[in-house]
Q: 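Take this structure, written in structure tokens, and hold onto it; I'll ask about it next.
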Amino acid sequence: QVQVVESGGGSVQAGGSLRLSCEASGDGLNDHYMGWFRQAPGKEREGVAATYVAGGATYLADSVKGRFTISQNAANNVLYLQMNGLKPEDTAMYYCAASPWERIAYNRGYLQPRFYKFWGQGTQVTVSS
């Protein structure tokens with residue numbers, strides 16, 4: 001079982017920056033993928049960024065490439081999402097999630113919410129124009 005708790009959301013103007021944090025705890029974290037997802041009102045949840053906790057490739061949605069960066073502090077089990085150049089269309093509830101590596105890798109579901117098993121409560125990001 002893995003628990004994740006997000007923090008760092010807020011309100012910014014277009015062009016601004018925010019850094020989201022996700023504190024993870026539980027057994028076998030190194031054998032999990034962790035990712036960031038978002039859901040705007042009336043829209044489906046979508047993948048933003050993901051990474052394998054033990055190291056390796058990162059995955060970014062096309063809509064955030066060049067603006068968002070996913071990173072982690074392995075020593076403290078914290079996942080980050082650095083968001084620069086924020087746009088009004090980035091406004092959403094942002095969720096951190098984790099899932100065992102085989103569930104993600106076998107399905108190539110790196111940015112697909114349906115393959116993630118453990119979810120946080122979310123943190124709101126609002127970008128005004």
Q: Are the side chain of Arg103 and the backbone of Phe115 linked by a donor-acceptor contact shorter than 3.5 Å?
A: yes

Q: Any side-chain to backbone donor/acceptor pair from Asn73 onto Ala75? Under 3.5 Å, distance only.
A: yes

Q: So, is the end of the Arg19 side chain (NZ or CZ) under 6.0 Å from the ring centre of Tyr80 and within 45° of the ring's axis?
A: yes

Q: Using the test side-chain contact (heavy atoms from CB on, under 4.5 Å), find all partners of Lys43 that sit at least two apart in sequence or belong to another chain.
A: Ala40

Q: Examine the side chains of Ser25 and Gln3 and answer whether a donor and an acceptor come within less than 3.5 Å of each other.
A: yes

Q: Can you check whether Val53 reaches Gln72 side chain to side chain, under 4.5 Å on heavy atoms?
A: yes

Q: May I ask you to decide if Thr126's main-chain N or O and Thr91's side chain share a donor-acceptor pair within less than 3.5 Å?
A: no

Q: Going by side chain to side chain donor-acceptor pair (under 3.5 Å), name the pairs with one or both residues in residues 27-36, residues two or more places apart or in two chains.
A: none

Q: So do Pro88 and Gln13 actually touch side chain to side chain, heavy atoms under 4.5 Å?
A: no

Q: Classify the ring geometry between Tyr94 and Phe68 as parallel (under 30°), tilted (30 to 60°) or perpendicular (over 60°).
A: tilted

Q: Within the structure provided, determine whether Glu46 and Gln39 are in side-chain contact (heavy-atom separation under 4.5 Å).
A: no

Q: Looking at residues at least two apart in the chain, or sitting in another chain, which of them share a ring pair (Phe, Tyr, Trp, His ring centres under 6.0 Å) with Tyr95?
A: none

Q: Take atom CD in Glu23; do more than 12 heavy atoms of anything else shown fall under 6.0 Å from it?
A: no

Q: Could you tell me whether the side chain of Val125 reaches within less than 4.5 Å of the side chain of Leu20, counting heavy atoms only?
A: yes

Q: Spell out, as yes or no, whether a donor-acceptor pair under 3.5 Å connects the side chain of Glu6 to the backbone of Cys96.
A: yes

